[in-house]
Amino acid sequence: MQQQNRQCILLLNLVLLLHQFFQTKAHVPAIIVFGDSSVDTGNNNYIHTIAKSNFEPYGRDFYGGQPTGRFCNGRLATDFISEAFKLPPVVPAFLDDQYTIEHFSLGVCFASAATGFDNATANILSVIPLSQQLEYYKQYQEMLRSFQGEAKASETIREALYIISLGTNDFIENYYAVIGSSRSKQFTTDEYVDFIVGIAENFVRDIYRLGARKIEVAGISPFGCLPQERVTNQDKIGECKEDYNIVAQNFNMKLSIMVDKLNKELFGVKVVFAGLYDLFLDVVRNPKAYGFENSLMGCCGTGLFEEGILCNHKTLTCPDASKYVFWDAVHPTERMYQIIADYTVRTALSVFL
């Protein structure tokens with residue numbers, strides 16, 4: 001772990017030097033990330049939770065072949081997005097004290113695996129709630145102003161690309177998974193969707209008030225087609241849970257409406273909705289069209305239930321993860337994240353440039 005971190009830091013230091021010598025008129029000076037395991041680059045390594053992935057075989061295809069806390073065999077979509085904007089090829093985790101504000105000035109991740117929009121979701125596995133991620137962001141702004149000066153920091157904050165990626169855990173770990181969940185007693189499914197979309201709107205308004213102007217809000221995937229959900233489908237074992245997918249579509253629709261509303265109400269902001277649902281579903285249904293061989297199970301173990309601590313150094317893995325859509329029973333492979341990143345960058349460029 002220490003060796004891998006040193007390699008990452010050396011790589012980032014090289015990028016910092018190159019960035020100083022080859023200043024480009026980039027429209028995006030930094031990538032700032034909030035969310036869950038889809039974008040967590042290692043913050044959960046530094047908190048007391050079982051929701052970790054800083055052990056083998058996670059990270060086997062990352063630089064140095066070492067685990068970083070990413071729930072993947074390699075890099076995440078946000079890492080590829082950062083690289084696409086001529087920024088460092090990895091986005092460092094804010095809680096990793098081996099990185100400094102010099103690194104964070106080009107990109108920083110506040111995300112925490114197993115969290116959700118709903119703070120009650122974060123409480124299930126004692127991870128970082130979205131409200132605390134916002135507090136970390138405020139600390140970051142203070143650090144940035146001390147490092148860059150008021151004028152430069154204000155420019156970085158204004159021109160940075162903010163990525164918000166979470167929501168799935170609110171359903172699969174909270175609303176549907178917790179026996180006797182207070183949320184399932186308190187809300188119908190539609191009401192709960194409205195509840196978390198409301199939280200998402202408030203969060204975007206919060207970072208807007210703090211200076212964010214380029215914001216990308218990711219929709220959720222058809223989570224009824226995750227390998228872990230397929231294997232527990234009591235109606236049709238191995239098939240997608242279509243009722244879950246309908247919920248995901250409903251959530252995405254309302255999230256998209258919320259984005260349109262904010263673009264009309266907030267002066268000077270550009271909020272874009274990255275609707276990944278159709279792309280993800282097409283890959284799952286037509287894997288060969290995207291160069292994959294398997295979209296039904298993950299590369300780790302049986303690929304049906306292993307994730308996190310159940311996908312460990314004793315677990316057998318497939319020889320070539322690039323042939324799989326999923327790395328474990330929940331999370332995509334690096335190659336799938338590359339496809340997601342390409343789509344996300346195209347979406348961002350169509351709005352922000």
* Structure fact -> Besides Leu316, the hydrophobic cluster formed by Ile, Leu, Val, Met, Phe, Trp and Tyr side chains linked at under 4.5 Å, directly or via other members, contains none
* Asked: Cluster partners of Ile257, using ILVMFWY side-chain heavy atoms under 4.5 angstrom, listed by chain and number?
  -> Met253
* Less than 4.0 Å between a side-chain N and a carboxylate O, is that true for Lys214 and Glu159? ->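 Answer for the salt bridge query: yes.
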* To do: Output every pair passing disulfide bond (SG atoms under 2.5 Å apart) with a member in residues 208-287, not counting sequence neighbours, ordered by first then second residue.
  =>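 Counting only pairs at least two positions apart or across chains, the disulfide bond (SG atoms under 2.5 Å apart) contacts touching residues 208-287 are Cys225-Cys240.
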Under the salt bridge (charged side-chain N to carboxylate O under 4.0 Å, His left out) test, residues paired with [X] that sit two or more places apart:
X: Arg335; value: none
X: Asp40; value: none
X: Arg205; value: Glu201, Glu265
X: Glu191; value: none

* **Polar side-chain atom of Tyr208 near backbone of Leu262 as donor-acceptor pair, under 3.5 Å** =>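 Looks like no, no N/O pair under 3.5 Å.
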* Is there a donor-acceptor contact under 3.5 Å from the side chain of Asn263 to the main chain of Val271? -> yes
For [X], all residues meeting side chain to side chain contact (heavy atoms under 4.5 Å, CB included), sequence neighbours excluded:
X: Ala84; value: Val345
X: Gln148; value: Ser105, Leu144, Lys152, Ala153, Thr156
X: Glu142; value: none
X: Thr347; value: Glu216, Val272, Tyr343

Output a table of donor-acceptor pairs, distance under 3.5 Å, between side-chain atoms of residues 161-172 and any protein atom two or more places apart or on a different chain; print 'none' if there are none.
from, atom 1, to, atom 2, distance (Å)
Tyr162, OH, Tyr137, OH, 2.7
Tyr162, OH, Ile157, O, 2.8
Ser165, OG, Ser38, OG, 2.7
Asn169, ND2, Thr115, O, 2.9
Asp170, OD1, Phe117, N, 3.4
Asp170, OD1, Asp118, N, 3.2
Asp170, OD1, Thr121, OG1, 2.6
Asp170, OD2, Phe117, N, 2.9

* Hey, can you tell me if Tyr140 and Phe104 have their rings parallel, tilted or perpendicular (30° and 60° cut-offs)? =>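 Taking Phe104 first and then Tyr140, their aromatic rings stand perpendicular (interplane angle over 60°).
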* Asked: Taking the inter-plane angle between the rings of Phe187 and Tyr192 on a 0 to 90° scale, is it parallel (under 30°), tilted (30 to 60°) or perpendicular (over 60°)?
  -> tilted
